[in-house]
Amino acid sequence: MARKRKDQAGEVARVDGGSRRGGASGGPVSEQVASGTAELVPDRDRPQAWTVLLDGAPQSHVDLADPRRLTFEYQRRLGRIADLAAAPGRPVSVLHLGGGGLTLPRYVAATRPRSRQQVAEIDTALTEFVRRELPLDRAWQIRVRGGDAREVLTRTPEGWADLVIADVFSGARVPAHCATVEFAEAAARALLPGGRFAANIADGGRLVFARRQVATLRAVFPAVAVVADPAVLRGKRFGNLILLASASPLPLAELGRAMAGDPVIGRIVEGADLEDFQAGALPAHDAGAEASPEPPSELFRS
């Protein structure tokens, strides 16, 4: 029987039930990994597409036939940001903090051949599961490192990346040590001049965590913006927010045009509106950082 779950952006990901065998060549398959139970569930509308779930929550979607296809809205927005990292098709250097199904590394490799990509994923068993069942193209220059995202970020050479993408979750929460001024400073150090930092976070209600994250990035980067669904920004729904930051002006007009045709409209908050959004929140430092809030218990219910 088909069932529906919501991803952290509030999108509905259709998931089919069935036996736990077959992998990428057959039906659903599951495996115990360090972060819980990982499942690959086939997309009934696309024969080579799969939803990756962790403990029943959709984590990412992978289309082996078309890695340019981004299904989850937050991943699509990060893809738009990657599209603007350089001239179309030009190779870039990208550091991905958080690997999961490796959806975004696949996207960058397909849209920007010869790009150099480093991925930090602490759950090595998850990486092995994904790479076995949803293999990467051998021509892609994607290196996955097992380790904590912040530790990998700290070891990244200064000025290495055109783009740093943080999509770091422990369970359904952004860990505290990856949401601080010190973390943002490490990201800024890893970027090339003009490079950009993008982070996927999740919040709801009064958006206390999101407002503090805006303050945290503004303490490090001169240019900061937020992209999210209007309902999330109003605190009406728990969901994803994409934070974008750089030492140089951000291409927000271009980003707005790129998102104009997306199925779910994303609002960009910048300038005075971002100041109002921050609402006096103070930056988070290592000494007093907190993880993002738990999502509502009903968010991932069938």
Side-chain angles (χ1 to χ4, degrees), residues 5 7 13-72 74-76 78-79 82-83 85 89 91-149 152 161 163-169 200:
R5 300 184 187 271
D7 76 347
R14 186 161 45 216
V15 182
D16 297 330
S19 64
R20 298 183 176 219
R21 59 183 176 82
S25 60
V29 62
S30 68
E31 186 164 304
Q32 196 66 27
V33 297
S35 50
T37 301
E39 298 176 81
L40 295 180
V41 183
D43 185 330
R44 69 183 185 185
D45 296 322
R46 301 181 71 89
Q48 295 190 63
W50 301 80
T51 299
V52 182
L53 300 97
L54 281 174
D55 288 337
Q59 191 272 347
S60 54
H61 185 274
V62 175
D63 191 335
L64 293 178
D66 184 8
R68 294 175 174 83
R69 183 172 178 265
L70 299 175
T71 299
F72 290 176
Y74 82 88
Q75 291 182 326
R76 187 179 296 114
L78 289 171
D83 290 342
V92 291
S93 297
V94 186
L95 175 61
H96 302 265
L97 303 175
L102 303 174
T103 302
L104 286 167
R106 298 172 199 266
Y107 177 82
V108 172
T111 56
R112 296 182 177 277
R114 302 181 307 283
S115 290
R116 297 185 302 162
Q117 299 189 78
Q118 299 275 353
V119 182
E121 173 56 61
I122 196 169
D123 192 336
T124 56
L126 174 62
T127 297
E128 292 171 3
F129 177 59
V130 167
R131 296 189 72 164
R132 182 180 71 243
E133 302 293 343
L134 305 175
L136 298 171
D137 188 313
R138 293 183 179 181
W140 293 341
Q141 298 180 48
I142 299 173
R143 180 179 179 184
V144 184
R145 294 184 175 184
D148 176 79
V152 173
L163 179 63
V164 173
I165 298 176
D167 189 10
V168 186
F169 284 80
N200 174 41

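Side-chain atoms of R132 and E31, non-hydrogen and from C-beta on, do get closer than 4.5 Å to each other. Side chains of V119 and V94 form no contact here, defined as non-hydrogen atoms less than 4.5 Å apart. Between L97 and I165, every side-chain heavy-atom pair lies at or beyond the 4.5 Å cut-off. Using a 4.5 Å heavy-atom threshold, the side chains of W50 and D43 count as separate. Taking the side chain as every heavy atom from C-beta outward, V41 and L53 approach each other to under 4.5 Å. Residues L40 and T51 are not in side-chain contact: their nearest non-hydrogen atoms beyond the backbone lie 4.5 Å or more apart.
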Just distance, no hydrogens or angles: give the donor-acceptor pairs under 3.5 Å from side chains in residues 136-146, sequence neighbours left out.
residue : atom : partner : partner atom : Å
D137    : OD1  : A139    : N            : 2.8
R145    : NE   : Q118    : OE1          : 3.3

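Taking each heavy atom of E121 and G98 in turn, the nearest pair found is OE1-C, 3.9 Å. Taking every heavy atom of both residues into account, A82 and V108 meet most closely at CB-CG2, 4.1 Å. Between G89 and P113, the shortest heavy-atom distance links the atoms O-CD, 4.3 Å. Of all the heavy atoms in H61 and A49, the pair that sits closest is CE1-CB, 3.6 Å. Of all heavy-atom pairs spanning D55 and S35, the tightest one is OD2-O, 3.5 Å. The shortest heavy-atom contact between A120 and A149 is CB-CA, 4.2 Å.
In terms of the salt bridge (charged side-chain N to carboxylate O under 4.0 Å, His left out) criterion, residue partners of D63 (sequence neighbours excluded) are, by chain and number, R46, R69. D148 pairs by the side-chain hydrogen bond (donor to acceptor under 3.5 Å, both in side chains) definition with H177, not counting sequence neighbours. A38 meets the side-chain contact (heavy atoms from CB on, under 4.5 Å) test with V33, L54, L126, F129; sequence neighbours excluded. Legend: residues meeting salt bridge (charged side-chain N to carboxylate O under 4.0 Å, His left out) with R131, ordered by chain and number and at least two apart, are absent.
In this structure, L102 CG and S60 OG are separated by 8.0 Å, a value rounded to the nearest 0.5 Å.
Within the structure, every pair that satisfies the side chain to side chain donor-acceptor pair (under 3.5 Å) test and touches residues 92-112, not counting sequence neighbours, is listed here: D83-Y107, S93-R116, H96-Q117.
If you check the side chains of T37 and Q32, you find a donor sitting under 3.5 Å from an acceptor.
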